[in-house]
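Computed from heavy atoms alone, side chains included, the values below leave out hydrogens, waters and symmetry copies.
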Amino acid sequence: MDKIIVSVFIVLCLNILTNCTSVKTDNTPIQREWMLVSFEGFTKDQFIKNKARINLTAPIEGKKVKGSAFMGCNTMFFTSEFKNNGKVKISGLGSTMMACRNMDLETNFAATFEKMIRYSVDGHFLTISDDDGHQMKFVASDWD
């Protein structure tokens, strides 16, 4: 009887050990909607008023995610590729062509966004930056 209990215990321990792994996986939750919280000299109130955000929830296709952005007036669209080494490539930025009263945030965002080349995720925050010192910080919209 003791041999059976010991055998069952050994099988359970081996099962637990084989299902555990120490290999680091890239589990960064990039595919979310992100609200802009810091960029240039703009204020938090401006971001909230304009509902400033990017949306990266589309499926990954060939390591790329098609995204959209909204900074208060036009809907922008782009392709992004977030690489494991902290590099990001943003390309194909386009937008609708409506004219609105205050487009300062949108204009500055569009002029800077495609130049971003690095990213980091720290908790619920996504930060992207370029070589000229420009930085955009976002918070996950589903974060409470």
Side-chain angles (χ1 to χ4, degrees), residues 5-144:
I5 292 174
V6 170
S7 296
V8 168
F9 181 74
I10 290 173
V11 169
L12 287 174
C13 287
L14 288 173
N15 189 28
I16 290 170
L17 289 174
T18 58
N19 287 319
C20 293
T21 181
S22 62
V23 176
K24 188 176 183 211
T25 59
D26 183 20
N27 196 15
T28 307
I30 294 292
Q31 285 182 274
R32 302 169 99 161
E33 185 172 34
W34 299 91
M35 298 180 302
L36 187 60
V37 295
S38 176
F39 174 55
E40 304 284 314
F42 296 97
T43 66
K44 181 179 176 182
D45 288 338
Q46 288 172 301
F47 300 136
I48 292 169
K49 180 182 175 187
N50 289 340
K51 299 178 182 174
R53 66 190 180 280
I54 61 172
N55 187 330
L56 299 172
T57 59
I60 296 174
E61 297 176 9
K63 297 185 180 182
K64 296 180 181 181
V65 176
K66 292 187 179 187
S68 64
F70 185 78
M71 296 294 137
C73 183
N74 290 287
T75 299
M76 293 175 256
F77 45 87
F78 57 90
T79 300
S80 60
E81 184 176 358
F82 289 86
K83 301 174 184 177
N84 289 337
N85 60 0
K87 301 283 185 178
V88 63
K89 182 178 180 184
I90 299 167
S91 59
L93 183 66
S95 76
T96 57
M97 300 295 288
M98 297 189 310
C100 298
R101 282 202 165 153
N102 185 346
M103 295 181 59
D104 292 344
L105 174 59
E106 184 172 311
T107 302
N108 287 334
F109 178 87
T112 308
F113 190 58
E114 265 188 315
K115 297 176 185 173
M116 298 295 165
I117 58 170
R118 282 183 299 284
Y119 80 97
S120 65
V121 176
D122 184 19
H124 297 284
F125 293 95
L126 167 67
T127 304
I128 59 176
S129 58
D130 67 9
D131 282 335
D132 296 328
H134 297 104
Q135 182 173 310
M136 296 177 184
K137 188 171 186 177
F138 301 85
V139 65
S141 65
D142 60 349
W143 184 64
D144 292 328

Quick check against the 3.5 Å criterion: does Asn85 have a side-chain atom that pairs as donor or acceptor with the backbone of Lys87?
yes
Query raised in the report: Does Asp131 use its side chain to pair, donor to acceptor, with the backbone of Gly133 at less than 3.5 Å?
Result: no
So CE of Met35 and CZ of Phe47: to nearest 0.5 Å the spacing works out to 12.0 Å
d(Lys49 NZ, Phe42 CZ) to nearest 0.5 Å is 12.5 Å
- Message: Applying side-chain contact (heavy atoms from CB on, under 4.5 Å) to Gln46 and Lys44, what does each step give before you reach the verdict?
- Response: CA-CA 5 Å; Gln46 288 172 301; Lys44 181 179 176 182; over 6 Å; no
Ser80 side chain near Leu56 side chain, heavy-atom distance below 4.5 Å | yes
Scanning both residues in full, the closest heavy-atom pair of Ala58 with Val65 reads O-CG1, 3.7 Å
Check against side-chain contact (heavy atoms from CB on, under 4.5 Å), Gln31 and Ile60: CA-CA 9 Å; Gln31 285 182 274; Ile60 296 174; 3.3 Å; yes
Check your understanding: Under the 3.5 angstrom rule, does the side chain of Glu33 hit a backbone N or O of Ile54 as a donor-acceptor pair?
Key -> no
Worksheet item: With no hydrogens and no angle check, do the side chains of Thr57 and Asn55 hold a donor and an acceptor under 3.5 Å apart?
Response: yes
* Are side-chain heavy atoms of Met71 and Met76 found at a separation under 4.5 Å? -> yes
Q. Is the side chain of Arg32 donor-acceptor paired with the backbone N or O of Ile30 at a distance under 3.5 Å, no angle test?
A. no
Taken to the nearest 0.5 Å, the spacing of Ser95 OG from Phe77 CZ works out to 6.5 Å
To the nearest 0.5 Å, atom OG1 of Thr75 lies from atom CD of Glu106 at 8.5 Å
Which of Asn108, Asp130, Ile90 passes side-chain contact (heavy atoms from CB on, under 4.5 Å) with Phe113? Answer is Ile90
(message) For Thr96 and Asn74: C-alpha separation, side-chain torsions, deciding distance, then whether side chain to side chain donor-acceptor pair (under 3.5 Å) applies.
(response) CA-CA 5 Å; Thr96 57; Asn74 290 287; 2.8 Å; yes
Correct closest heavy-atom pair for Leu105 and Ala52 would be CD2-CB, 4.0 Å
Quiz item: Heavy-atom distance under 4.5 Å between the side chains of Asn50 and Leu36, does that happen here?
Solution: no
Is the Phe82 ring parallel, tilted or perpendicular to the Tyr119 ring (thresholds 30°, 60°)? perpendicular
Interatomic distance, CG@Asp104 vs CZ@Phe109, rounded to 0.5 Å, equals 15.0 Å
Nearest heavy-atom approach of Cys73 to Met103 is SG-SD, 4.4 Å
Decide ring pair (Phe, Tyr, Trp, His ring centres under 6.0 Å) for Phe138 and Phe125; before the verdict, give the C-alpha distance in whole Å, the side-chain angles of both, and the deciding distance to 0.1 Å.
CA-CA 6 Å; Phe138 301 85; Phe125 293 95; over 10 Å; no
Decide if atom CE of Met97 counts as having more than 12 heavy atoms of other residues, nucleotides or ligands within a radius under 6.0 Å.
no
To the nearest 0.5 Å, atom OG of Ser91 lies from atom CD of Glu81 at 8.5 Å
Verify side-chain contact (heavy atoms from CB on, under 4.5 Å) between Met136 and Met116, making sure each step is shown before the conclusion. CA-CA 9 Å; Met136 296 177 184; Met116 298 295 165; 3.9 Å; yes
